[in-house]
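Working notes, structure below.
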Amino acid sequence: MTTIPSRLAQVSHLSSTPEETRRRVIDLYRGWARAAPEIVSMYAIPATPSYVRNCIRQKFEASRHVTDPRAIEVLLHKGRLDLQETLNCWKQTDHVMGILLKVEERPQRTFLQKFFEGRDEDAVRPAASGVV
């Protein structure tokens with residue numbers, strides 16, 4: 001497959017109303033959902049497209065609580081950029097697998113608990129953890 005850098009390029013702009021922002025988020029989600037079969041085949045991921053769609057939905061749901069318009073614009077820009085990089089095959093399989101991995105919720109520990117354990121797990125995360 002030939003890489004065409006501009007095939008998914010869009011001019012970045014700010015949404016003027018919350019309704020426009022909502023429409024842009026839904027369009028981005030639909031773009032990711034429609035790209036799931038292509039992502040599975042391009043990166044030879046051992047998962048079904050429906051599983052990939054479910055993981056993408058979970059990633060979108062994790063940001064549902066964001067209400068600041070500027071933060072939403074940043075998330076939209078990053079999501080569009082991520083989609084473009086994924087579909088242009090500018091990522092390695094490990095980067096794409098980071099989307100599919102489940103985020104492990106760690107119990108909150110105090111500083112002293114971490115100190116007595118002798119390590120700080122929060123400072124070191126695996127490369128493909130999918131955690132930003």
Side-chain angles (χ1 to χ4, degrees):
M1 180 176 165
T2 305
T3 301
I4 304 171
S6 62
R7 78 175 182 142
L8 297 167
Q10 289 185 349
V11 177
S12 57
H13 66 280
L14 297 176
S15 302
S16 57
T17 63
E19 292 78 22
E20 183 183 358
T21 303
R22 184 176 189 280
R23 183 189 54 78
R24 288 179 59 213
V25 169
I26 291 172
D27 288 344
L28 179 61
Y29 175 74
R30 286 182 182 158
W32 273 104
R34 288 181 183 138
E38 188 176 352
I39 291 169
V40 168
S41 64
M42 268 194 317
Y43 292 97
I45 297 173
T48 62
S50 61
Y51 179 75
V52 173
R53 283 188 196 103
N54 186 28
C55 292
I56 290 168
R57 181 173 178 89
Q58 289 174 357
K59 295 293 183 184
F60 271 81
E61 290 288 335
S63 299
R64 180 175 269 242
H65 68 280
V66 178
T67 56
D68 183 20
R70 293 173 296 175
I72 294 172
E73 291 296 330
V74 169
L75 290 172
L76 274 169
H77 179 71
K78 286 183 177 182
R80 174 59 58 189
L81 182 69
D82 204 26
L83 178 62
Q84 182 181 5
E85 289 174 355
T86 303
L87 291 180
N88 281 333
C89 215
W90 293 343
K91 291 185 172 193
Q92 298 295 317
T93 304
D94 290 340
H95 298 133
V96 177
M97 289 298 289
I99 296 171
L100 307 178
L101 295 176
K102 301 289 182 200
V103 178
E104 296 176 8
E105 294 296 326
R106 298 179 181 167
Q108 291 292 333
R109 296 186 318 259
T110 64
F111 172 76
L112 284 178
Q113 288 171 331
K114 293 179 196 176
F115 180 76
F116 291 139
E117 289 176 5
R119 63 181 188 272
D120 186 9
E121 291 177 349
D122 296 333
V124 179
R125 294 197 185 266
S129 65
V131 179
V132 180

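Here the closest non-hydrogen pair linking T86 and M42 is O-CE, 3.4 Å. Looking at every heavy atom in both residues, V40 comes nearest to A47 through CG1-O, 3.3 Å. Pairing each heavy atom of A71 with each of V66, the nearest pair is CB-CG1, 3.7 Å. The shortest heavy-atom contact between K91 and Y43 is O-CE2, 3.2 Å.
In this structure, the separation between CG on L81 and CD on E85 is 4.0 Å, given to the nearest 0.5 Å. For the atom pair CG of D82 and CG of L28, the computed distance is 9.0 Å after rounding to the nearest 0.5 Å. The OG1 atom of T93 lies 9.5 Å from the NE2 atom of H95; values are rounded to the nearest 0.5 Å. Atoms OG1 and CG, on T48 and N54 in that order, are 9.0 Å from each other to the nearest 0.5 Å. Atoms OG and CD, from S63 and Q58 in turn, are 12.5 Å apart once rounded to the nearest 0.5 Å.
K59 places none of its side-chain heavy atoms less than 4.5 Å from the side chain of I56. At a threshold of 4.5 Å between non-hydrogen side-chain atoms, the residues R53 and P37 count as touching. Between I72 and D68 there is no side-chain heavy-atom pair separated by less than 4.5 Å.
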Practice item. Run the numbers on R80 and R24 for side-chain contact (heavy atoms from CB on, under 4.5 Å), then give the verdict. Key: CA-CA 10 Å; R80 174 59 58 189; R24 288 179 59 213; over 6 Å; no
Review point. Between E73 and R70, is a side-chain contact (heavy atoms from CB on, under 4.5 Å) present by the stated rule, with each step listed?
Key: CA-CA 5 Å; E73 291 296 330; R70 293 173 296 175; 5.6 Å; no
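Residue Y51 is grouped with residue I39 when hydrophobic side chains (ILVMFWY) are merged at heavy-atom distances under 4.5 angstrom, including chains of intermediate members.
A salt bridge is defined here as a Lys NZ or Arg NE, NH1 or NH2 lying under 4.0 Å from an Asp or Glu carboxylate O, and E61 with R64 meets this definition. Checked for salt-bridge contact, R23 and D27 meet the test: a charged N lies under 4.0 Å from a carboxylate O.
Between the Q113 side chain and the T110 main chain, a donor and an acceptor come within less than 3.5 Å of each other.
No more than 12 heavy atoms of other residues, nucleotides or ligands shown are found within 6.0 angstrom of CD on Q92.
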